[in-house]
Asker: 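Input: one structure, supplied below.
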Amino acid sequence: MTPEPEQSGADEPMHPLRIWRLHQEVSQAQLAEMSGLSQPFISLIENYLNIPLREGLERLREITGLPTDAFIRPKQFLIENPDFLGTDP
């Protein structure tokens with residue numbers, strides 16, 4: 001079952017990375033280990049407080065299959081791609 005891009009707090013939609021993680025049943029700690037990034041950094045991304053750049057962005061793109069826009073312009077990405085996981089919410 002795919003989680004809906006509901007609000008994640010403070011009137012923000014759930015970040016595409018978090019939606020992907022929940023859909024794949026991967027924890028922040030597991031994603032951090034897979035990507036070589038820290039779990040707190042993954043949390044900052046998912047809470048719209050940081051944007052991955054360079055190697056971090058590339059690793060997350062490779063692991064998740066998400067496009068750059070999902071990380072750089074996540075809110076616009078959700079508007080333009082509401083069914084980005086290939087299932088209706």
Side-chain angles (χ1 to χ4, degrees):
M1 180 173 136
T2 302
E4 294 185 31
E6 295 294 328
Q7 304 302 317
S8 62
D11 296 323
E12 298 285 358
M14 193 181 296
H15 194 284
L17 181 59
R18 180 172 170 80
I19 295 169
W20 177 88
R21 246 188 353 88
L22 295 175
H23 181 74
Q24 297 296 319
E25 298 181 359
V26 173
S27 70
Q28 286 184 349
Q30 289 170 318
L31 181 56
E33 185 174 327
M34 293 164 57
S35 66
L37 302 171
S38 71
Q39 180 276 321
F41 187 68
I42 300 293
S43 179
L44 289 172
I45 295 168
E46 291 185 359
N47 286 292
Y48 295 93
L49 298 174
N50 211 328
I51 296 173
L53 300 173
R54 295 184 276 288
E55 295 85 11
L57 174 61
E58 189 58 33
R59 285 191 298 252
L60 288 173
R61 288 180 63 240
E62 289 173 2
I63 291 165
T64 65
L66 294 173
T68 300
D69 273 358
F71 298 98
I72 304 300
R73 303 178 324 126
K75 293 175 193 171
Q76 188 63 34
F77 173 78
L78 289 171
I79 291 168
E80 294 173 357
N81 304 279
D83 189 27
F84 71 96
L85 291 176
T87 58
D88 291 323

Asker: Looking at Leu66 and Arg61, what are the two nearest heavy atoms and their distance?
Answerer: O-CG, 3.5 Å
Asker: Going by side-chain contact (heavy atoms from CB on, under 4.5 Å), name the residues that satisfy it together with Pro67, two or more places apart in sequence or in a different chain.
Answerer: Ala70, Phe77
Asker: Around atom CD of Glu80, are there more than 12 heavy atoms from other residues, nucleotides or ligands closer than 6.0 Å?
Answerer: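 Counting neighbours around CD of Glu80, more than 12 heavy atoms of other residues, nucleotides or ligands fall under 6.0 Å, so yes.
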Asker: Quick check on Glu33: does its CD atom have over 12 non-hydrogen neighbours (other residues, nucleotides or ligands) under 6.0 Å away?
Answerer: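 Result for CD/Glu33: open.
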Asker: Atom CG of Leu31 and atom CD1 of Ile63: how far apart are they, to the nearest 0.5 Å?
Answerer: 6.0 Å
Asker: Do the side chains of Leu22 and Val26 join up, straight or via other hydrophobic residues, at under 4.5 Å, putting them in one cluster?
Answerer: yes
Asker: Search all heavy atoms of Thr64 against all heavy atoms of Leu17 and return the closest pair with its distance.
Answerer: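 It is CG2-CD1, 3.8 Å.
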Asker: To the nearest 0.5 angstrom, please state how far the CD atom of Gln28 sits from the OG atom of Ser35.
Answerer: 11.0 Å
Asker: Following the transitive rule for hydrophobic clusters with a side-chain heavy-atom cut-off under 4.5 Å over Ile, Leu, Val, Met, Phe, Trp and Tyr, establish whether Tyr48 and Ile19 coincide in one cluster.
Answerer: yes
Asker: Rounded at 0.5 Å granularity, tell me how far CZ in Phe71 sits from CD1 in Ile45.
Answerer: 7.0 Å
Asker: To the nearest 0.5 angstrom, please state how far the CD atom of Glu46 sits from the CD atom of Glu12.
Answerer: 13.5 Å
Asker: Just how far is it from atom CG of Leu78 to atom CE of Met14, taken to the nearest 0.5 Å?
Answerer: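 Reported value, rounded in 0.5 Å steps: 10.0 Å.
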Asker: Under 4.0 Å between a Lys/Arg side-chain N and an Asp/Glu carboxylate O for Arg59 and Glu62?
Answerer: no
Asker: State which residues pass side-chain contact (heavy atoms from CB on, under 4.5 Å) with Ile51; sequence neighbours excluded, sorted by chain then number.
Answerer: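 Counting only residues at least two positions away or on another chain, Ile51 forms a side-chain contact (heavy atoms from CB on, under 4.5 Å) with Leu53, Ile72.
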Asker: Should Gln76 and Asp69 be marked as a side chain to side chain contact (heavy atoms under 4.5 Å, CB included) after you check the CA-CA gap, both sets of side-chain angles, and the distance that decides it?
Answerer: CA-CA 8 Å; Gln76 188 63 34; Asp69 273 358; over 6 Å; no
Asker: Looking only at heavy atoms, which two atoms of Pro74 and Pro16 are closest? And how far apart?
Answerer: CB-CD, 3.6 Å
Asker: Working to the nearest 0.5 Å, report the span between CE of Met34 and CD of Gln24.
Answerer: 8.5 Å
